[in-house]
Amino acid sequence: MYRRFFIVALLVSSLTSGFTQNFYDFGFARDFNITVRHADGQFFLLPWTGGVNSVRAAEMDLDGDGQLDLLLFEKHGNRLLPFLCRPQADSIAWEYAPQYARHFPELHNWVIIKDFDHDGREDIFTYGLAGITIYKNVSDNGNLQFELVTDQVQSLYYGNYSNLYASPDDYLAIEDLDGDGDLDILNFWILGKYVHYHRNYSMENYGDCEHFDYHLEDECWGHFEEGAENNSILLNSSCGQKDEPLRHVGSTLLAHDFDEDGLTDLLLGDIDFPNLILLRNGGTVSDAHIVSQDTLFPNPLQPVWLYSMPVASFVDVNNDGKDEILVSPSDPSLNKSQDINSLWLYQYDEEIETYQKVSENFLQADMVDVGSGALPVLYDWNGDGLTDLFVANYGSYDSSTYINGFLTSYFSSSISYYKNIGTSTSPEFRLITNDFGNLKSNGYVGLAPAFGDIDGDGVVDLLCGSQDGTILFFKNTGDTIPVFETVVENFAGIDVGDYSVPQLFDISGDGRLALMVGNRRGRIAYWRDEAAGGAADFRWVTDTLGGVDVRDAETSFFGYCVPRFCKNAANETILFCGTEQGTISYYDLIDNHLSSSFRLKETCLNETTDEGLFQIGEGIRTAPALADLNGDGFLDMVVGNFAGGLSLFLGTVPPPVAVSDVTADAILLRLFPNPTSGLFELQLENGDGQAEICIADLAGHVLLRRTCGAGRVEINLSAFPSGIYIGTYRWQNRSGSFKIVKQ
């Protein structure tokens with residue numbers, strides 16, 4: 001049986017009497033309409049896409065229009081980036097459509113898209129528990145939906161079925177190798193060296209392609225072996241000795257008939273190495289035999305050279321009816337891979353019969369992408385009343401070398417400056433420089449900027465956090481064009497451990513900028529300025545300001561706290577924190593509570609969409625920046641993530657809270673189905689007597705009222721447009737609310 005992903009019940013409780021409706025403190029809606037320009041004035045076409053580092057591409061019809069769209073899976077943060085195909089005269093425009101990512105099950109480590117049952121709908125193969133998980137595409141009438149087929153594929157090993165092993169780091173090959181219609185699998189032996197061939201006997205044993213009856217058919221497919229200390233390939237291997245290799249394992253496989261001779265060839269990438277090796281098959285369908293290798297794929301003048309562990313995909317990105325090759329790194333490490341120019345595009349040239357490189361930053365060139373670890377700051381640098389955008393990074397890739405046979409890559413951090421050239425109600429950003437203050441040459445990693453007059457001379461200076469947990473002070477002797485004196489390292493003796501992220505903010509209301517510093521542990525340290533005037537004199541107060549700790553103990557030892565204190569509409573101090581998990585936490589009750597714990601109001605901020613509220617999760621190591629960019633009275637939010645890009649969420653009317661905290665005398669309210677096409681059933685439990693039900697739209701207009709007792713009642717919204725509706729109930733002097741999504 002497949003498992004269907006939908007909401008079947010809602011738990012609601014009553015906290016107040018009457019029909020009082022609770023609302024969130026803030027509303028945020030994803031937006032793409034604030035324009036961003038390159039330094040030459042040209043527009044970024046995809047500025048708020050979130051960046052890419054290590055992706056694999058696939059095609060899938062996302063919107064049900066019969067046209068294959070583009071789906072990128074970002075390994076650094078397990079993000080799905082959907083792009084809708086918009087055909088032009090002789091090309092394709094790609095429209096970023098993140099709303100489709102919500103319809104996918106949780107995916108991680110690697111994703112391979114294949115239509116296993118030939119029904120015209122692309123299915124999902126992804127990493128499971130040391131194995132392979134498969135989801136079937138059951139989309140209908142443009143509604144994207146998936147069902148779980150199996151969470152662990154089995155294979156027949158030596159007479160017994162057991163888990164078909166898959167590494168969380170490897171991209172295995174899933175292809176019809178024997179031409180019978182069902183999908184077979186190639187993967188490396190658990191210790192590397194040899195490729196295993198798992199043949200699918202679905203057609204033979206069931207007469208269809210919908211089953212997964214795998215048998216380990218060959219323990220040395222292709223009669224080759226991988227080198228023990230590097231990515232060298234030994235052909236014509238005897239395939240006899242299964243000794244443990246000396247080096248670590250990690251590979252990418254792509255099975256494809258490159259020379260169109262009816263035999264499957266193999267494209268191999270390897271951890272710590274930048275090239276792809278094409279292994280040509282000269283055997284037979286039943287007995288593959290690799291007879292040659294090309295280490296400069298796809299051509300010797302323009303070989304793939306991407307640190308580390310490149311993975312290739314075939315997709316038609318220009319609407320010419322022929323597949324191009326997209327290549328990107330897939331090394332699981334966050335500090336080895338190329339990041340800015342990390343999505344290479346090769347197009348087949350009929351005249352010279354080979355693939356030619358046409359781009360090193362496909363789609364990426366139109367994104368705001370600063371490399372790895374984007375950390376935005378919103379600050380009016382030139383004092384013109386318009387908020388400018390600064391984007392620092394963990395670093396961008398510089399070079400690689402091998403130390404004792406293992407890859408070491410080097411990164412250096414910089415700050416990009418985007419000047420606001422718009423108006424107070426219609427912001428627009430233009431790139432001024434990718435290296436604000438010429439800091440990249442210093443070789444620091446993990447710069448995290450904070451602006452303020454530190455030395456009391458009336459000129460804005462720069463403080464920067466860094467990877468080692470200390471603070472750097474850059475005294476500015478210039479003006480709007482910064483001129484920084486020699487950096488003062490270990491400023492004020494501050495050291496918060498690792499990955500310091502400072503913010504200057506008057507948190508105590510004394511008119512002086514205090515210094516708050518987030519760190520990798522997920523906490524915030526606090527230094528108060530005790531100077532009477534002039535240069536700041538920061539004195540340590542606490543390492544655990546407000547009791548803030550944004551770690552998720554179930555997933556990581558670290559939190560990577562990025563603190564952003566600001567004021568709400570009532571001039572109260574509030575706090576938003578970026579986290580390692582990719583969420584944004586929100587705290588209040590800060591004023592006059594600096595020596596006690598702040599209130600964690602929301603563990604994860606939500607975005608408001610046409611389909612309801614969804615958690616904001618932008619990959620890993622999110623970094624928020626907040627300001628009212630368009631003068632509408634709502635705080636807007638720019639969010640960076642480790643893939644080096646930005647997402648934009650404009651402030652909007654706070655949405656109603658659909659589910660209250662559960663109390664001991666909770667009323668259980670069940671809704672099904674939700675979302676609904678019109679009809680849904682509502683069931684009230686844990687009470688007696690009549691309940692009054694009211695359904696309204698988001699503007700508060702009452703659409704219908706019903707009275708019902710305990711048990712089920714059917715409600716019909718068929719006459720109303722698709723959208724989100726808010727229901728309220730009153731029962732036994734208790735009240736509550738719920739949300740219905742009509743498709």
Side-chain angles (χ1 to χ4, degrees), residues 26 28-31 47-54 74-81 98 101-102 106 108 334 339 367-378 389-395 446-450 465 467 498-503 516-524 548-552 555-566 574-587 600-607 613-627 635-651:
F26 296 93
F28 292 102
R30 193 184 295 268
D31 191 85
W48 308 109
T49 306
V52 297
N53 279 358
S54 301
E74 169 61 56
K75 197 177 187 78
H76 289 175
N78 297 321
R79 291 166 54 231
L80 280 175
L81 288 81
R102 304 187 204 107
E106 183 177 351
H108 53 89
L334 299 180
D339 44 24
M367 305 176 187
V368 174
D369 190 334
V370 297
S372 296
L375 194 151
V377 173
L378 292 168
L389 172 63
F390 294 83
V391 191
N393 56 19
Y394 160 82
L447 291 181
Q467 183 184 32
D498 295 292
Y499 291 93
S500 50
V501 181
Q503 183 185 7
M516 283 69 67
V517 186
N519 59 35
R520 186 170 69 162
R521 289 176 296 173
R523 300 173 180 173
I524 304 173
V548 171
D549 188 342
V550 299
R551 291 176 299 172
D552 182 347
T555 61
S556 177
F557 292 112
F558 305 117
Y560 287 90
C561 179
V562 177
R564 292 292 181 253
F565 291 90
C566 55
I574 54 176
L575 169 64
F576 297 88
C577 286
T579 69
E580 163 77 350
Q581 293 75 34
T583 55
I584 310 293
S585 299
Y586 160 50
Y587 296 80
L600 176 58
K601 194 69 179 293
E602 293 179 45
T603 303
C604 308
L605 287 181
N606 294 310
E607 61 170 305
L613 297 182
F614 289 89
Q615 177 180 300
I616 295 175
E618 298 300 291
I620 57 172
R621 300 192 193 176
T622 45
L626 293 108
L635 281 175
D636 308 307
M637 183 166 61
V638 176
V639 181
N641 70 81
F642 195 82
L646 304 177
S647 303
L648 174 65
F649 299 88
L650 293 186

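Since the model is a prediction, treat every value here as computed from it, not as a measurement. Index from 1, following the sequence.
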Exercise. Kindly give the heavy-atom pair with the smallest separation between Gln503 and Ala450, and that separation in Å.
Key: CA-CB, 4.2 Å

Quiz item: For Pro47, which residues count as a side chain to side chain contact (heavy atoms under 4.5 Å, CB included) partner, sequence neighbours excluded?
Solution: Val36, Phe44, Val368

Self-check item: Stepwise side-chain contact (heavy atoms from CB on, under 4.5 Å) test for Ile616 and Thr622
Solution: CA-CA 10 Å; Ile616 295 175; Thr622 45; over 6 Å; no

Quiz item: In Å and rounded to the nearest 0.5 Å, what is the CG to CZ distance from Leu80 to Arg102?
Solution: 12.5 Å

Exercise. Over all heavy atoms of both residues, which pair between Val550 and Cys561 is shortest? Give the atoms and the distance, please.
Key: CG2-CB, 3.8 Å

Self-check item: Distance under 6.0 Å and angle within 45° of ring axis: Arg520 vs Phe558
Solution: yes

Quiz item: Ala392 and Pro449: which non-hydrogen atoms are nearest, and at how many Å?
Solution: CB-CD, 3.4 Å

Quiz item: Quick one: are Ser372 and Leu334 in side-chain contact, heavy atoms under 4.5 Å?
Solution: no

Quiz item: Between the side chain of Asn393 and the main-chain N/O of Val370, is any donor-acceptor distance below 3.5 Å?
Solution: yes

Quiz item: Should Lys601 and Ile574 count as side-chain neighbours, where that means a heavy-atom distance under 4.5 Å?
Solution: no

Quiz item: Roughly how far, to the nearest 0.5 Å, is CZ of Arg621 from OH of Tyr499?
Solution: 5.5 Å

Self-check item: Tyr586 and Phe576 aromatic ring geometry - parallel, tilted or perpendicular at 30°/60° bounds
Solution: parallel

Exercise. Check Tyr587 against Asp549 and note the closest heavy-atom contact, atom names and distance.
Key: OH-N, 4.0 Å

Practice problem: Might you work through the side-chain contact (heavy atoms from CB on, under 4.5 Å) test for Arg564 and Val501, ending with a clear yes or no? | Solution: CA-CA 10 Å; Arg564 292 292 181 253; Val501 181; 4.2 Å; yes

Quiz prompt | Point-to-point distance, once rounded to the nearest 0.5 Å, from CZ of Phe26 to CD1 of Ile584 | solution = 13.0 Å

Quiz item: Counting N and O atoms only, with roles assigned by atom type, does the side chain of Gln615 sit under 3.5 Å from a partner on the main chain of Thr583, one being a donor and the other an acceptor?
Solution: no

Quiz item: Looking at side-chain heavy atoms only, is the closest gap between Ile620 and Glu74 below 4.5 Å?
Solution: no

Quiz item: Roughly how far apart are Asn53 CG and His76 NE2, rounded to 0.5 Å?
Solution: 6.0 Å

Practice problem: Check whether any side-chain heavy atom of Arg523 sits under 4.5 Å from a side-chain heavy atom of Arg551, and report yes or no. | Solution: yes

Which pairs would a plain distance check flag for residues 638-651, meaning a side-chain donor or acceptor within less than 3.5 Å of a matching protein atom at least two apart in sequence or in another chain?
{"unit_1": "Asn641", "atom_1": "OD1", "unit_2": "Ala643", "atom_2": "N", "d": "2.7"}
{"unit_1": "Asn641", "atom_1": "ND2", "unit_2": "Gly50", "atom_2": "O", "d": "2.9"}
{"unit_1": "Ser647", "atom_1": "OG", "unit_2": "Glu618", "atom_2": "OE1", "d": "2.5"}

Quiz prompt | Closest non-hydrogen atom pair between Ser585 and Thr603, with its separation | solution = OG-O, 3.0 Å

Self-check item: Shortest non-hydrogen separation from Pro98 to Arg30 and the atoms involved
Solution: CG-CD, 3.5 Å

Self-check item: From Asp369 atom CG to Asp339 atom CG, the distance as rounded to the nearest 0.5 Å
Solution: 7.5 Å

Quiz prompt | Sole candidate of Leu575, Val517, Asn519 that passes side chain to side chain contact (heavy atoms under 4.5 Å, CB included) when paired with Ile524 | solution = Leu575

